[in-house]
K.L.:
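Questions regarding the structure given below will be posed in turn.
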Amino acid sequence: MNERYDPSEVELKWQAIWERDDTFRTPEGDDLPKRYVLDMFPYPSGAGLHVGHPEGYTASDIVARYLRCKGYAVLHPMGFDAFGLPAEQHAIKTGTHPAVTTQQNIETFRRQLKRLGFSYDWSREVDTTDPGYVRWTQWIFLRLFERGLAYQDEVQVNWCAALGTVLANEEVIDGRSERGGHPVQRIPLRQWVLRITQYADRLLDGLDHIDWPNSTKTMQREWIGRSVGAEVRFAVEGADDVIEVFTTRPDTLFGATFMVLAPEHALVAEVTTDAQRGAVEAYVTAASFKSDLDRQQSKQKTGVFTGGYATNPVNGARVPIWIADYVLAGYGTGAIMAVPAHDTRDFEFATQYGIPIIEVVSATGAASAEPLTEAMTEPGKAVNSGAYDGLETQAFKERITADLEAAGNGKRRVEYKLRDWVFSRQRYWGEPFPIYFPVTTDGDPRQGAAFTIHHDEPIAVPDEELPLRLPDLEDYEPGDDPAGVLARVMDWRFFQKDGRWYARETNTMPQWAGSCWYYLRFMDPHNEQDPWSPEAAKRWLPVDLYVGGSEHSVLHLLYARFWHMVLYDAGLTAEVTEPFARLVHQGMILGEIEYTAYRKAGELVSAEHVKKTDEGFVDTRDGAAVEAERVAPEAIKKKGSAFVLEADEGVVLTSRAPKMSKSLGNVVNPDDIIARFGADALRTYEMFMGPLEATKPWNTDNIQGVRRFLDRLWAVGTKTPSEDAPADALLRLTHKTIQKVGDDIEAMRFNTAISAMMVLNNELNALDAPPRASVETLVQLVHPFAPHIAEELWERLGHTRSVQAEPWPEVDPALTVDDVIEVPVQVNGKVRGRLTLARGADEATAIAAAEADEGIAAHLAGKAVVKRIWVQDKILTIVVKG
RNA sequence: GGCCGAGUGGCGGAAUGGCAGACGCGGCGGAUUCAAAAUCCGCUGUCCGCAAGGGCGUGCCGGUUCGAGUCCGGCCUCGGCUACCA
């Protein structure tokens with residue numbers, strides 16, 4: 001017997017060898033077929049890797065290693081998405097330059113990733129904050145700018161004057177800043193915006209041709225939110241103004257009993273009568289202090305009558321105009337025709353303010369006898385609609401849209417929920433925009449001379465001057481200028497050229513910028529002439545497998561697709577329209593399962609009486625507050641379908657796995673796990689936990705089981721093997737295992753692949769001298785999962801080159817099935833016996849054998865056989881009666 | 001409210017419409033040991049039974065089928081995402 005398995009010794013040894021031999025360098029040339037296997041690169045936070053990271057990374061690493069063995073040239077790179085707020089906030093607190101913090105964090109991440117034995121080609125590492133990378137991010141921005149896809153606009157932002165900063169929606173609570181509780185107002189601020197809406201239809205259509213999870217495609221479709229309807233023009237009474245509305249239900253035009261403008265709508269002041277002006281202005285001001293979030297969360301609808309009226313173009317009816325914040329300025333035209341009978345929101349509003357409700361669609365084609373009690377939003381037949389009565393909804397929509405168009409009162413219109421993408425941030429730690437503006441000044445603005453910046457004349461920094469670098473700062477605190485931190489850096493901001501003054505853009509790009517194209521840079525990361533070469537694009541695009549969390553289902557994946565399409569239009573993507581051909585999301589890893597008991601004033605309360613509310617836990621019987629208390633697993637037993645306290649069986653507990661979080665103190669650190677069990681055990685355990693896509697609870701006891709598997713594998717691999725061919729049964733098991741593991745890797749069912757390997761391992765472990773052929777096959781199969789132990793055993797089995805360089809074991813299909821099989825026999829749906837038959841035996845043989853079987857015959861005795869169903873090599877079913 | 005997903009032993013989980021519970025954890029028993037850890041072997045859904053054997057079992061109700069964890073319809077519970085988009 002050889003020495004014990006010491007993971008850290010084996011793992012560090014092989015990591016050094018891989019590094020020395022450059023084992024995972026991407027092959028040059030294009031003689032091998034290619035596969036591009038990509039992970040979503042991490043943000044290198046100060047906390048280091050958590051156990052969620054290695055889950056997706058291990059999955060892709062298994063596929064990458066497997067594909068190399070299958071004869072593919074594999075591109076499997078890693079990098080860092082390193083711009084972002086935490087480093088900037090750290091800088092504000094400590095004065096440390098974000099670049100310094102970022103580099104430290106990257107080093108930690110890189111070390112941790114290497115310690116897990118991932119087969120990345122580290123020579124291709126990218127860091128989005130590296131000026132050599134920023135240069136090309138800026139270069140791509142300029143391509144967008146040239147194409148008219150990047151423009152400036154006044155966008156409503158959450159401005160907090162007290163903090164001197166623009167806040168994200170999540171940072172605003174009840175109209176006040178999350179930090180400090182200062183008032184926050186919606187103000188328009190000049191921003192860079194990307195015209196993603198121009199690509200809405202292509203982004204939608206492209207989804208039909210990619211192998212992505214359905215849920216993700218659905219989310220993107222809903223995010224884009226294409227809806228077809230009509231634009232309808234309502235003339236304002238007593239003025240020349242026209243209010244345009246967008247509606248998906250032009251067939252309900254006869255039921256429009258009021259109109260609503262968003263408080264920000266341009267015509268609000270125009271239509272308001274003097275009598276109503278005070279109330280309207282107060283409402284508009286109040287609305288400007290509410291965030292989108294607040295508006296949506298308030299349950300009750302509010303609004304004010306403007307005093308003005310418009311005319312319904314189809315019947316000349318007089319329609320009162322209201323303003324209300326349930327109508328969003330940013331969608332459609334910012335104005336609606338309200339049809340309370342057939343829209344839930346309008347119904348609610350009309351009911352509240354006593355506005356008439358006119359039914360214009362009914363299921364039967366006859367108007368209802370009773371007043372409606374809720375909005376009827378289903379299609380049906382038109383009523384109360386003049387000449388259109390009786391028309392089906394769909395036909396009505398088409399007819400009236402055509403009629404409106406003919407009369408000049410409207411037209412067909414397509415709307416999207418998707419907004420253009422606000423692409424600037426008032427922060428320091430991001431890519432500066434390679435844009436500057438002419439300045440009018442009577443002196444040197446850096447010395448305090450007055451200046452005017454002509455933002456309407458943006459000028460691109462020439463490509464050859466990129467990258468435009470960030471200035472170094474002493475102080476990263478946001479200032480009182482909404483234009484951003486960089487606006488204070490006068491020496492950087494202003495410069496003279498040909499005797500004229502210019503000012504740089506002081507906004508920076510959002511974190512998404514770098515992650516929108518990193519998969520392209522990986523193809524050709526050291527190219528100094530171009531962001532990547534046409535040859536590289538032709539060789540590697542598209543990404544064949546992209547693995548990452550479903551939290552990026554919409555934004556990152558939509559933005560990256562958008563940029564890719566723009567770059568496609570620029571002729572840079574080798575005619576590949578979609579960047580990520582196949583996408584897989586790894587599931588979340590939760591903390592260990594916890595059991596919770598509840599106490600009210602010290603007394604235990606059974607869980608069925610406890611309900612979680614926003615304030616905490618309460619007793620549903622009297623509404624009293626209840627405390628949650630964690631219970632150790634030893635103090636628990638199962639009773640029926642519930643868990644109860646062993647000491648008091650009347651007390652029902654709840655069991656659930658909470659998310660890992662610092663505040664719960666249940667975060668598992670991969671470094672600790674590697675120290676105790678080894679990287680191979682961690683990798684294999686994370687794959688063994690369950691299906692890759694599923695949310696799964698962590699359980700440290702279970703990793704011990706995987707470690708035992710590796711210990712036994714070590715025992716098998718270090719025994720002196722037999723040079724004889726495997727016995728028939730073992731040979732067949734070996735081939736079945738090759739088949740299963742290969743199939744499972746391709747379908748990314750790693751948990752069942754591991755269990756198949758465990759079965760073979762257990763068989764081999766029972767032998768004193770396991771046959772070499774089977775042992776070597778097992779080591780090869782294990783290699784993508786637990787590469788270090790596999791390399792070590794492969795070497796000990798007498799091989800001199802890396803197991804990664806070996807071709808994947810061949811399956812003999814004839815050996816993946818047995819000659820003699822056991823076939824169950826059912827009588828009336830219950831298994832009553834089993835037959836041992838030659839594979840391929842016919843029905844007559846099976847029936848004869850079944851009837852000869854004593855146990856089965858007993859169930860047939862005295863009964864009439866109604867039917868026999870013989871499924872070849874699977875099952876024999878006999879249906880009897882009587 | 002909407003969308004997506006999931007409910008199977010004490011636990012994580014297996015099962016192209018064809019033997020439910022593979023594999024692993026935990027538990028119980030045994031071997032080894034002076035003893036323990038580690039390791040190895042056996043048992044382990046549940047109920048009845050000394051046993052042979054049998055009954056019941058995949059959240060609930062119903063359906064399709066010779067046969068349903070799997071397909072269909074209706075619920076319940078949990079999780080994630082999203083939320084007045086006219």
Side-chain angles (χ1 to χ4, degrees), chain A residues 4 213-219 221-223 225 227 229 245-249 252 260 292-293 295-299 301 324-328 330-339 342-346 348-349 415-419 550-551 553-554 587-588 590 592-593 633 636-638 641 643 654-657 659 685 688-691 693-706 708-709 711-712 715 749 751-759 762 765-766 822-834 855 866-869 871 873-880:
Chain A
R4 278 175 58 98
N214 254 324
S215 55
T216 303
K217 290 192 195 181
T218 303
M219 278 200 239
R221 287 193 186 104
E222 289 178 355
W223 188 263
S227 51
V245 301
F246 171 71
T247 176
T248 54
R249 293 297 302 274
T252 60
V260 185
D292 282 350
L293 226 61
R295 283 195 185 191
Q296 288 155 15
Q297 278 165 357
S298 58
K299 307 273 184 289
K301 289 195 167 38
D325 66 5
Y326 82 91
V327 172
L328 307 176
Y331 184 76
T333 60
I336 61 161
M337 63 172 207
V339 184
H342 305 288
D343 182 283
T344 319
R345 298 150 300 182
D346 299 343
E348 222 178 283
F349 193 84
E415 267 297 322
Y416 300 89
K417 277 199 237 180
L418 183 68
R419 295 275 83 85
S550 58
E551 66 274 21
S553 287
V554 176
M588 204 191 331
L590 303 173
E592 298 217 18
I593 290 179
I636 281 161
K637 62 185 272 189
K638 180 102 177 181
S641 60
F643 291 94
T654 53
S655 77
R656 59 182 294 267
K659 285 182 190 173
Y685 168 62
F688 188 61
M689 291 173 88
E693 303 83 350
T695 304
K696 309 166 277 276
W698 180 270
N699 182 310
T700 300
D701 281 342
N702 283 344
I703 195 172
Q704 186 66 56
V706 170
R708 276 202 272 269
F709 162 60
D711 284 333
R712 281 194 284 264
R749 290 185 302 246
N751 53 334
T752 51
I754 293 166
S755 87
M757 293 188 286
M758 286 173 166
V759 172
N762 288 343
N765 194 221
E822 205 172 65
V823 177
V825 179
Q826 288 185 345
V827 178
N828 286 357
K830 288 197 196 315
V831 176
R832 297 301 185 182
R834 289 164 224 286
V866 177
K867 202 169 184 178
R868 295 192 192 90
I869 298 113
V871 182
D873 298 335
K874 279 281 187 193
I875 195 167
L876 175 66
T877 294
I878 300 171
V879 185
V880 296

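FYI, side chains are in, hydrogens and waters are out, and symmetry mates aren't considered; it's all heavy atoms of this structure. In what follows, chains carry the letters A, B, and so on, assigned in the order in which the sequence lines appear, proteins first and then strands, with residues in each chain numbered from 1. Computed from a predicted model, the values in this text were never measured in an experiment.
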K.L.:
For Val871(A) and Tyr416(A), take the nucleotide of RNA chain B holding the closest heavy atom to each; which residue's nucleotide lies nearer the 5' end?
P.N.:
Val871(A)
K.L.:
Which nucleotide in the set rA38(B), rC66(B), rC84(B) lies at the smallest distance from any side-chain heavy atom of Lys301(A)?
P.N.:
rC84(B)
K.L.:
Which distance, rounded to the nearest 0.5 Å, do you find between the CH2 of Trp698(A) and the CD1 of Ile703(A)?
P.N.:
4.5 Å
K.L.:
Measure CD1/Ile593(A) against P/rG10(B) and give the value in whole Å, please.
P.N.:
13 Å
K.L.:
Given the structure, check if the side chain of Ser550(A) and the base of rG80(B) hold any donor-acceptor pair shorter than 3.5 Å.
P.N.:
no
K.L.:
Please measure how far the P atom in rA6(B) lies from the corresponding atom in rG73(B), and state the result in whole Å.
P.N.:
15 Å
K.L.:
Roughly how far, to the nearest 0.5 Å, is the CZ atom of Arg868(A) from the CG atom of Leu876(A)?
P.N.:
8.0 Å
K.L.:
Quickly work out the Ile703(A) CD1 to rG12(B) P distance and round it to whole Å.
P.N.:
18 Å
K.L.:
Side-chain contact test, heavy atoms from C-beta onward, threshold under 4.5 Å: evaluate it for Ile336(A) versus Asp346(A) and give yes or no.
P.N.:
yes
K.L.:
Name the pairs: protein N/O against N/O of nucleotides 52-59 of chain B, kept only if under 3.5 Å.
P.N.:
residue: rG55(B); atom: OP1; partner: Arg832(A); partner atom: NH2; Å: 3.4

K.L.:
Under 4.0 Å, heavy atoms only, any strand: does Asn699(A) hit a base, just the sugar-phosphate, or nothing?
P.N.:
nothing
K.L.:
Determine the Euclidean distance between corresponding P atoms of rG30(B) and rC23(B); express it in Å to zero decimal places.
P.N.:
24 Å
K.L.:
Using a cut-off of 4.0 Å on non-hydrogen atoms, how would the nucleic acid contact of Ser553(A) be classed: base, sugar-phosphate, or nothing?
P.N.:
nothing
K.L.:
Which heavy-atom pair separates Asn765(A) from Ala715(A) by the least distance, and what is that distance?
P.N.:
ND2-CB, 4.0 Å
K.L.:
Within the pair Thr752(A) and rA22(B), is there a side-chain N or O less than 4.0 Å away from OP1 or OP2?
P.N.:
no
K.L.:
Under a 4.5 Å cut-off applied to non-hydrogen side-chain atoms, are Val866(A) and Val880(A) in contact?
P.N.:
no
K.L.:
What pattern of brackets, bars and dots sums up RNA chain B from 5' to 3', given Watson-Crick or G-U wobble pairs under 3.5 Å, [ ] for crossing pairs and | for another strand?
P.N.:
(((((((..(((.....[....)))((((((.......))))))((((....))))..(((((..]....))))))))))))....
K.L.:
How is Pro213(A) classified with respect to the nucleic acid when contacts are heavy atoms under 4.0 Å: base, sugar-phosphate, or nothing?
P.N.:
nothing
K.L.:
Would you please classify the geometry between the Tyr331(A) ring and the Phe246(A) ring as parallel, tilted or perpendicular, with 30° and 60° separating the classes?
P.N.:
perpendicular
K.L.:
Closer than 4.0 Å, any side-chain N/O of Lys874(A) to the OP1 or OP2 of rG18(B)?
P.N.:
no
K.L.:
Could you list, one pair per line, each protein nitrogen or oxygen that sits under 3.5 Å from a nitrogen or oxygen of nucleotides 41-51 of chain B, together with the distance?
P.N.:
none

K.L.:
Of the options rC23(B), rA86(B), rC66(B), whose atoms approach the side-chain atoms of Thr247(A) most closely?
P.N.:
rA86(B)
K.L.:
How is Ser215(A) classified with respect to the nucleic acid when contacts are heavy atoms under 4.0 Å: base, sugar-phosphate, or nothing?
P.N.:
sugar-phosphate
K.L.:
With a cut-off of less than 4.0 Å, is there a side-chain N or O of Arg708(A) near OP1 or OP2 of rG26(B)?
P.N.:
yes
K.L.:
Between rG45(B) and rU32(B), how far apart are the two C1' atoms, rounded to whole Å?
P.N.:
32 Å
K.L.:
With the side chain counted from C-beta on, respond yes when Ile593(A) and Asn699(A) share a heavy-atom pair under 4.5 Å apart, and no when they do not.
P.N.:
no
K.L.:
Pick base, sugar-phosphate or nothing for Glu222(A), based on heavy-atom distances below 4.0 Å to the nucleic acid.
P.N.:
sugar-phosphate
K.L.:
Hey, are the side chains of Tyr685(A) and Gln704(A) touching, using non-hydrogen atoms and a 4.5 Å cut-off?
P.N.:
no
K.L.:
Going from CZ on Arg749(A) to CD on Glu693(A), what distance comes out if it is rounded to the nearest 0.5 angstrom?
P.N.:
10.5 Å
K.L.:
Please classify rG21(B) as syn or anti, treating any glycosidic angle within 90° of 0 as syn.
P.N.:
anti
K.L.:
Measure CG/Asn214(A) against P/rC4(B) and give the value in whole Å, please.
P.N.:
9 Å
K.L.:
If you define the side chain from C-beta out and look only at heavy atoms, does anything of Ile875(A) sit under 4.5 Å from Gln826(A)?
P.N.:
yes
K.L.:
Return the 5'-most residue of the pair Gly332(A), Tyr685(A) with respect to RNA chain B, ranking by each residue's nearest nucleotide.
P.N.:
Tyr685(A)
K.L.:
When rounded to the nearest 0.5 angstrom, what distance separates OG in Ser227(A) from NZ in Lys417(A)?
P.N.:
8.5 Å
K.L.:
Please state how far atom CD1 in Ile869(A) lies from atom C1' in rC66(B), giving the value in whole angstrom units.
P.N.:
3 Å
K.L.:
Rounded off to whole Å, could you give me the CG-to-P distance for the Leu328(A) and rU82(B) pair?
P.N.:
17 Å
K.L.:
Write down the distance between CD1 (Ile875(A)) and C1' (rU16(B)), rounded to a whole number of angstrom.
P.N.:
15 Å
K.L.:
Between rA86(B), rG13(B), rG10(B), which one does the side chain of Phe643(A) approach most closely?
P.N.:
rG10(B)
K.L.:
Looking only at atom P, what distance separates rU46(B) and rC11(B), rounded to whole Å?
P.N.:
11 Å
K.L.:
Measure the spacing between CE of Met758(A) and OG1 of Thr752(A) and express it to the nearest 0.5 Å.
P.N.:
12.0 Å
K.L.:
Remember a base hit wins even if backbone is also touched, and classify Asn828(A) as base, sugar-phosphate or nothing at under 4.0 Å, heavy atoms.
P.N.:
nothing
K.L.:
Students often get this wrong, so: under 4.0 angstrom with heavy atoms, is Thr877(A) touching a base, only sugar-phosphate, or nothing?
P.N.:
base
K.L.:
Take atom C1' in rU70(B) and the same atom in rU64(B), then report the distance between them in whole Å.
P.N.:
14 Å
K.L.:
State the NZ-CG distance between Lys301(A) and Asp325(A), to the nearest 0.5 angstrom.
P.N.:
9.5 Å
K.L.:
Quantified in whole Å, what is the C1' atom distance between nucleotide rU65(B) and nucleotide rG18(B)?
P.N.:
12 Å
K.L.:
Would you measure the distance from the P atom in rC75(B) across to the matching atom in rG1(B) and give it in whole Å?
P.N.:
13 Å
K.L.:
Given rA86(B), rC66(B), rA20(B), which nucleotide is nearest the side-chain atoms of Asp343(A)?
P.N.:
rA86(B)
K.L.:
In the structure I gave you, are the side-chain heavy atoms of Trp223(A) and Met219(A) within less than 4.5 Å of one another anywhere?
P.N.:
no
K.L.:
Does the side chain of Thr248(A) come within less than 4.5 Å of Glu415(A)'s, by heavy atoms?
P.N.:
no
K.L.:
It should be established whether Asn751(A) places a side-chain nitrogen or oxygen under 4.0 Å from OP1 or OP2 of nucleotide rA14(B).
P.N.:
yes
K.L.:
Can you check the Lys696(A) NZ to rA6(B) P distance for me, whole Å?
P.N.:
13 Å
K.L.:
Rounded to the Å, how far apart are Arg749(A) CZ and rA22(B) C1'?
P.N.:
14 Å
K.L.:
Select one nucleotide: of rC66(B), rG24(B), rG18(B), the one nearest the side-chain heavy atoms of Phe688(A).
P.N.:
rG24(B)
K.L.:
In whole Å, measure the gap between the P atoms of rC56(B) and rG69(B) for me.
P.N.:
13 Å
